[in-house]
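So the structure is just underneath, and the comments pick up after that.
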Amino acid sequence: MIKINKTSKIVLGYITAALSCAAFSATVTPSSLSIAAGSSQTVQISNISGSVSVKSSKSGIVTVKMMNSTTYQVNGMKSGSMVLEFKDKKSTAKVYITVTADTAATLNGRLLASNCFQCHGTNGTGGFDKLTGKSTSEIYGDLKEFASGKEDPDGIMAAHAMGFSDEQLKSIASYFSSIR
Amino acid sequence: MKRRQFIQTATGTGIAFGSTLLPFSARAAANYNVIVVGGGMAGATAAKYLKLWSKGTISVALIEKDANYVSNIMSNEVLTGKRPSVTSLSYSYATLASKYGVNRIQGTVTEIDAINKTVTYASSSGNFVLTYDRLVLAPGLDFDLMPGMSSMSQYDTQVPHAWKAGAQTTLLRQQLMTMPDYQNVVITIPLAPYRCPPGPYERACVIADWLKAKKPNSRVIVLDENSTIQAQAGNFQNAFNGAYGYRVDYRPGCQITNLQLVPGANTVTFTQNGNTYNVTAAVLNPIPPQRAPALLVNSGLVNGKFAPVNLLSYESTLKPSIHVIGDACVSGMPKAGHIGNQEAKTCANAIINALKGNQYALEETSPVLNSACFTPLTSTKATWLSAVYQYSNGVMIPSTQNGFKQPRAALAASTGNYSDMQKWFTTLMGDTFA
């Protein structure tokens, strides 16, 4: 939990929302975050008075998306440290953020997974089936069905999946499940 | 660590020499971490992924002489009017610049100095020299003259090969449209390796299917210098034999010995099984033998007809810090756009790793490349060919994982495959240019 600083200048990156009034100073949980680039985490804001604006101390390190009136998603863009300030009518709550480089696990599957991009879009965002937003086991399970010849054995996805080792299919699944 | 230190040292030396040796009159040499030469499937993908995967920390210039890229993929459909024109296959470099920060330069590279790590290019505003840490060449191919021809310009005005989509595609289309009935369309195929193994057979099918409706007493004759069909042999042989309502006169193992160019009545002389034949072609489409462009030969990057590379990084085995991707390199895999796209990603990953360490990319010790390739056999039905290649001891070999053989092809042409083909093409071009 964070105590409040009274004033703060607002420079850039506003997200505003009408919020219900509360009698206490705004707080944000957690008060510090470490995020891998390419990943995201949410923060909760409570005890808000009036509308809230969000300010970044440095641009380019994260982007912030309001999910609902009390939940914000922080997306790590590139490595670096910065402070996010949530300011309401009376107070300011800070979150100290460190964005680290992509995890080795994520990078490990990326080049392999990029074999899928030609038909499923850059980073699997769609063309043929969208590959993001699924768990590792879900994607791996689908790929194994094709690779083993159980699912549509004469189809083009079977033809592709059959060419990869089990370990490679796991790595591909792990990569797509990590994309936010 | 050792590898990175070596690269930094080499880079420093290159720039110092470059500055010293540049003539005073040369304009200030801009430096890029990576210069990509050639904006086709491989080059555009390399430029995009160097920026995307390095999160913009690598400076990238893309030098291409043409204003736009015209896709070879799907260009056979322009020949029959299924697609309205080559304009519908045109892709600009605007998104690579605006979305990814690629510095797009329109110009023709005239010289590569591998020792001083400079590239000289000519553009409408003069000659310029740029320095690089890494150079990526994706230059496509040069075409040979066929026997009996006297000038490359004959391909532009009389017998278009149309094996690089553009004005020649339009000319070949016009020749087909204006050809009277009761004529021959002759396509010649060079010995492999050439660009797009199924492409010539696809072209024969698409034209034969169109003739069936428009000029039913004309026929397509294919003179193949190879002894067998080079891709999807079963599907093409079925098509040639009449499975889709047209026939193609397919002749393997031919050697073309002379082309006599006469508008509307060309003569092709060829030998097959020791006999010599002449055939008259109202429309003649000679697909010439192909090789890495002269720029690469002059730069000492070519051994035989193509550029040998290390398949982990696509770095030349003949000159350090120069990478060759796409149709001009020796990869052991088909020379095709989808493959070029993935070679580019493998190359970009390796360059980022070399220049930046594993913060942005990991060294890949066993890359996999896959290829998907859809092929229209009629105006409504298509097949596909898929192959997965695994790296093994310095070469890319068709995968034998799971006990299944590669490559694999569709069982037959279908309308479902035809609609998948459109989606594949759109998404592939998006992954490359957008």
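Because the structure is predicted, anything quoted here is derived from the model rather than measured. A, B, ... follow the sequence lines: proteins, then strands. Residue 1 opens every chain.
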Contact part of [X] toward chain A, heavy-atom cut-off under 4.5 Å: side chain, backbone, both or neither?
| X | answer |
| --- | --- |
| B:Asn370 | both |
| B:Thr426 | neither |
| B:Tyr389 | neither |
| B:Thr45 | neither |
| B:Asn417 | neither |

Quick check on the interface: out of [options], who has the most heavy-atom pairs with chain A under 4.5 Å?
| options | value |
| --- | --- |
| B:Leu428, B:Asn341, B:Val368 | B:Val368 |
| B:Met429, B:Glu364, B:Gln390 | B:Gln390 |
| B:Ala409, B:Ser399, B:Pro407, B:Ser386 | B:Ser386 |
| B:Ala361, B:Pro367, B:Pro398 | B:Ala361 |
| B:Gln406, B:Lys48, B:Lys345 | B:Lys345 |

Side-chain donor/acceptor of B:Gln401 to backbone N/O of A:Ala161, under 3.5 Å: no
Evaluate the side-chain proximity of A:His160 to B:Arg408: yes if any heavy-atom separation is below 4.5 Å, no if none is. no
Is any side-chain heavy atom of B:Gln342 closer than 4.5 Å to a side-chain heavy atom of A:Leu111? yes
Would you mind telling me which of A:Ala159, A:Gly155, A:Gly127 has the largest number of heavy-atom pairs within less than 4.5 Å of chain B? A:Ala159
Among A:Asn115, A:Asn123, A:Thr122, which residue has the highest count of heavy-atom pairs closer than 4.5 Å to chain B? A:Asn115
Got a second to check how far [X]'s [atom1] is from [Y]'s [atom2], nearest 0.5 Å?
| X | Y | atom1 | atom2 | result |
| --- | --- | --- | --- | --- |
| A:Cys119 | B:Phe425 | SG | CZ | 12.5 Å |
| B:Glu363 | A:Leu107 | CD | CG | 13.0 Å |
| A:His120 | B:Trp424 | NE2 | CH2 | 14.0 Å |
| B:Trp53 | A:Ser114 | CH2 | OG | 4.0 Å |

Over 12 non-hydrogen atoms of neighbours within 6.0 angstrom of NZ in B:Lys381: no
Should the ring pair A:Phe128 and B:Phe374 be called parallel, tilted or perpendicular, given that the plane angle runs from 0 to 90° and is split at 30 and 60? parallel
Determine, stepwise, if the pair A:Gln118 / B:Thr427 fulfils side-chain hydrogen bond (donor to acceptor under 3.5 Å, both in side chains). CA-CA 6 Å; A:Gln118 290 98 331; B:Thr427 314; over 6 Å; no
Between A:Met162 and B:Lys405, does the side chain to side chain contact (heavy atoms under 4.5 Å, CB included) criterion hold? Intermediate values first, please. CA-CA 9 Å; A:Met162 284 168 181; B:Lys405 276 193 171 173; over 6 Å; no
